[in-house]
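Please read the structure below before turning to the comments.
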Amino acid sequence: MSNKLSRRSFFTKTLAAGAAGLTLPHFLSAGQRSGSKVQRSTSKVHRFELADLPYSSDALEPVISREIMELHHGKHHAGYVNNLNNALESVGRPGGDLGAIISDLSQLPPQILTRVRQNGGGALNHTLFWDVMDPNGGGEPAGSLARAIALRWGRFEDFQKVFSQMAASVFGSGWAWLSVDRSGRLFVSKTANQDSPLMRPYIAEVGIPILGIDVWEHAYYLQYENRRAEYIERWWDVVDWANVGQRYEAALKGAVIADSLKV
Ligand code: MN
């Protein structure tokens, strides 16, 4: 277990699995999330706060430059969080649990649905993205995740090829994901813009994401210019498989890791 992982407190919620098996997570309400770093501001309405990167901004060099990380986290991610807060505040809606909001967008007032889909998705997706990378990453998964990948794709390199091709095939801005579906199976998918595999019913392939790569140009262009395939190829060297393995174990129980919901 990496230092990053051991510093973290993981909090999972296990669903009561019915006869039909596992279901998608019901997320905890804000009041129950005692481990959350989400703080209340002085205003009445809860505002999400941007969490620090789990490592220094130059820690992922040479794979991802400090300049990209500072802009990506400090400007792009911060912007999503701010816009999300403004959208929720405009209707006087408390923030609560972001995972719950993203998983049930249809419950939102219609006038903020698109803004929350875009900016809430952006807030949540980037939190996962920072978390599944680590300066000491790379290599291959171990344990149950390794076995599940082998069952689904055979060799690890074959899985990597499928995932990399999915990421390369995103037209315009979006993400590629490794997720766990409601029957516990792994699948690789892509989403446009800041959509998340959690966004039922707006997403065809719904599941709990455990690994994701941001292929918006802001994620790589300053360093790799138009060479997205090179960015994807090198990105494998910073994937934190211990973290992804934790997410897999949690997702199998219909659970999420709280860090993936923190912004
Ligand atoms: Mn991004």
Side-chain angles (χ1 to χ4, degrees), residues 4 48-87 98-99 101-102 105 114-135 137 163-164 166-179 188-199 202-203 208-240 243-244 247 259-263:
K4 176 158 66 82
F48 292 105
E49 292 191 1
L50 181 71
D52 291 338
L53 286 170
Y55 31 71
S56 63
S57 58
D58 62 357
L60 301 182
E61 288 188 341
V63 176
I64 303 177
S65 71
R66 179 174 60 84
E67 186 181 19
I68 286 179
M69 291 299 289
E70 287 179 350
L71 284 168
H72 201 172
H73 176 262
K75 301 295 182 186
H76 292 276
H77 194 185
Y80 296 126
V81 174
N82 193 46
N83 292 337
L84 168 68
N85 283 324
N86 290 341
L98 184 54
I101 294 170
I102 294 304
L105 290 172
T114 299
R115 272 192 290 164
V116 173
R117 180 174 176 176
Q118 293 167 342
N119 294 286
L124 192 63
N125 291 344
H126 286 85
T127 300
L128 179 144
F129 187 54
W130 313 135
D131 210 40
V132 298
M133 297 190 290
D134 190 274
F163 187 99
S164 291
M166 187 66 77
S169 75
V170 173
F171 184 77
S173 299
W175 294 72
W177 304 98
L178 174 65
S179 305
V188 167
S189 66
K190 59 184 170 184
T191 59
N193 304 315
Q194 295 296 350
D195 282 349
S196 161
L198 290 168
M199 288 180 180
Y202 304 97
I203 292 297
I208 299 173
I210 62 172
L211 176 68
I213 181 171
D214 186 345
V215 292
W216 283 58
E217 286 185 346
H218 68 225
Y220 63 88
Y221 211 90
L222 281 174
Q223 187 176 353
Y224 294 92
E225 299 179 333
N226 63 330
R227 302 184 303 278
R228 185 195 283 182
E230 184 183 336
Y231 157 65
I232 296 165
E233 187 63 31
R234 297 189 65 190
W235 175 78
W236 292 110
D237 288 340
V238 293
V239 171
D240 182 353
N243 185 285
V244 181
R247 291 174 184 279
D259 278 9
S260 70
L261 306 182
K262 182 184 71 193
V263 294

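Any value given below was found using the heavy atoms of this structure, including those in side chains, with hydrogens, waters and symmetry copies removed. First listed ligand is number 1; within each ligand, the first listed atom is number 1.
Taking the ring-ring contact (aromatic ring centres under 6.0 Å, His included) definition, one finds that Y220 meets it with Y231, sequence neighbours left out.
Put simply, the side chain of Y80 does not reach to within 4.5 Å of the side chain of Q118, judged on heavy atoms. The shortest side-chain heavy-atom distance between D214 and H72 falls under the 4.5 Å cut-off.
What you find for E61 and R66 is that their closest heavy atoms are OE2-N, 2.8 Å.
Taking 2.8 Å as the limit, the number of protein N, O or S atoms around the Mn ion (ligand 1) is 4.
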Item to complete: Please lay out, stage by stage, how H126 and H73 fare under the test ring-ring contact (aromatic ring centres under 6.0 Å, His included).
Response: CA-CA 8 Å; H126 286 85; H73 176 262; 9.4 Å; no
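Between W235 and F163, the ring-plane angle classifies as parallel under the 30° and 60° cut-offs.
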